[in-house]
Chemist: 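First, the structure itself, so that you have it in front of you.
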Amino acid sequence: MFKLKPVLFCCLSLFASSVLAKSASVDINIDAQHPGAVLNKNIYGQFMEHLGRGIYEGIWVGKNSSIPNKDGFRLDVLQALKELKVPLLRWPGGCFADEYHWRDGIGPRDQRPRTVNSNWGGVIEDNAFGTHEFFEFAELLGAETYVNGNLGTGSPKEMVDWLNYMTSDADTTLVRERKKNGRDKPFKVDYFAIGNESWGCGGNMTPDYYADLYKQYSAFLKAPADNMPKFIASGGTNEQTDWTQTLSDKIKPSWSLRMDAISHHYYTIPTNNWETKGSATGFPKEQWFSALQQTLRIEDFIKQNVAILDKNDPDKKVGFYVDEWGTWYDVDKGTNPGFLYQQNTLRDAIIAGLNIHIFNRYAERVQMTNIAQMVNVLQAMILTDKEKMILTPTYYAFKMHIPFQDATYLPVSLSNIPQYKSGDASIPALSASAAKAQDGNTYISLVNTQLEGAIEVTLDQVKQAKGQLLTSDKMDQHNTFAQPHNIQPSDYSAKVKNGKAVISVPAKSLMVLNLGKI
Ligand code: AHR
């Protein structure tokens, strides 16, 4: 059991509407005696959709591009994603998935049909990136694969054929076609979803109607035993619980009816208003607070859905996957509104840290999440401008948490949690999550949510306290193509004397520390 004692340094030059937490003595106990679930590495999963410049330019530039590439995949992005140890990729959507016909994306590229991406900007989709390209990319990254099937405009036959094309090794016409297209052995499909946001862009369905369709489609989705994906049902969004309720009432997983997880979506919008969401940069201080406040709401939504599953599925066979989450702002000025391109600041990294802490807490059910989206779309890891590339603060937040992939959760309890107040509202000023990593070391992730005021944490019984710190003087600090290194993590190390370390967690910061083998 380790003890962290945070004490607030309050510099009281505050902005008008916010009040710092009062000095508080808070104990943080890391209960190493009662480890929790393994934090599935796929909690740190990514989402890539045919949307804007997310795939085309962001990942795929084609073999003949002047941008250095390997078989059409741009090398700079590939290298950066390798360093991020991306565990899982979800593709092809999103809303795009329910209008995607997989046959458009196989065969010689110059013969693939040209279609319109009616969800995202109405642009021409030349289908250069399809099934083979997706799996090749995942294999280059060493990532697991999550394919989202088309329920909205497809048919059971189309979906069944796609799964067979990808997974089968039988000498069928479909498999011969795959081989002719250059792939001898089956692709490894780790996860397969039946539809996306079926309550909305996926077909405006009711949970009841969807549950019946799910049962129909899943009855025919077969794959070899050693290449059987986990099947995911499309669930609700935000505060909705009716999808989890209906799906877990009506679908009881058995050998003939597989449902390994229900998905859920939650986006963080600073204003909580889809019409004017707020800006990614140059936002007022109130929107720093409101964005963090909005993001923290996901915990209640997860809790409510997990409570339903705990009742209907006490053996915990069904996971609760948050397969879309992240910040969603007004698009950057001058960009195509259908491309969902936004800058990414220190605030996004803090939000990533807070979400990661929440997902870790519910890791028994939340075995996968996919931040939306990996490159050039919404809360991206990477932004590109033709041949240029920058890494975002969110990229660094994910990189700092690599030791948490497949680590064992260690419960953290905080008493007297300091509060960060704005007007009548308040949020915790400090958030923490700890885990014992595969390397045997214990790691702690700390977030100071306040715009002003470091929090001093005293940590007992540690071997070391070394790691990385991500912060800045500016709340909207971000990297640009002209200045790509405005914000990146710096090394942090606290002295340890008689097993005790004093850590000053700066305002608006994220810190991940290796506490050693304890
Ligand atoms: O991530 C962008 C979109 O958000 C996805 O296509 C859709 O599933 C959600 O509404």
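All ligand and atom numbering here is 1-based and tracks the order in the structure. All heavy atoms count here, side chains included; hydrogens, waters and symmetry mates do not.
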Chemist: Check whether the side chains of Y191 and N42 place a donor and an acceptor atom closer than 3.5 Å, and report yes or no.
Modeler: yes

Chemist: Does anything in residues 49-128 pair up under disulfide (SG to SG under 2.5 Å), and if so which pairs, sequence neighbours excluded?
Modeler: C95-C201

Chemist: Looking only at N/O atoms, are G94 and ligand 1 under 3.5 Å apart anywhere?
Modeler: no

Chemist: At under 4.0 Å between heavy atoms, which part of L378 makes contact with ligand 1: side chain, backbone, both or neither?
Modeler: side chain

Chemist: Is it the case that the side chains of T268 and T295 hold a donor-acceptor pair, with the cut-off being a distance below 3.5 Å and no angle test?
Modeler: yes

Chemist: Would you please determine whether F96 falls within less than 4.0 Å of ligand 1 on a heavy-atom basis?
Modeler: no

Chemist: Using a strict cut-off of less than 4.0 Å between a Lys/Arg side-chain nitrogen and an Asp/Glu carboxylate oxygen, indicate whether R103 and E177 qualify as a salt bridge.
Modeler: yes

Chemist: Closer than 4.0 Å to some heavy atom of F47 - which atoms of ligand 1 meet that?
Modeler: 1 (O)

Chemist: Who's the nearest protein heavy-atom neighbour of atom 10 (O) of ligand 1, and how far?
Modeler: E197 OE1, 2.7 Å

Chemist: Against heavy atoms of N196, which atoms of ligand 1 measure under 4.0 Å?
Modeler: 8 (O)

Chemist: Less than 4.0 Å between a side-chain N and a carboxylate O, is that true for D313 and R365?
Modeler: yes

Chemist: If you count the atoms of ligand 1 from 1 in the order shown, which ones are under 4.0 Å from a heavy atom of C95?
Modeler: 5 (C), 6 (O), 7 (C), 8 (O)

Chemist: Under a 3.5 Å cutoff, is there a donor and acceptor pairing between the side chains of T237 and W199?
Modeler: no

Chemist: Using a strict 4.0 Å threshold on nitrogen-to-oxygen distance, state whether R109 and D126 make a salt bridge.
Modeler: no

Chemist: Nearest to atom 4 (O) of ligand 1, what protein heavy atom do you find, and at what distance?
Modeler: E324 OE1, 3.2 Å

Chemist: Of the choices W328, W120, Y267, W325, which has the non-hydrogen atom that lies closest to atom 1 (O) of ligand 1?
Modeler: Y267

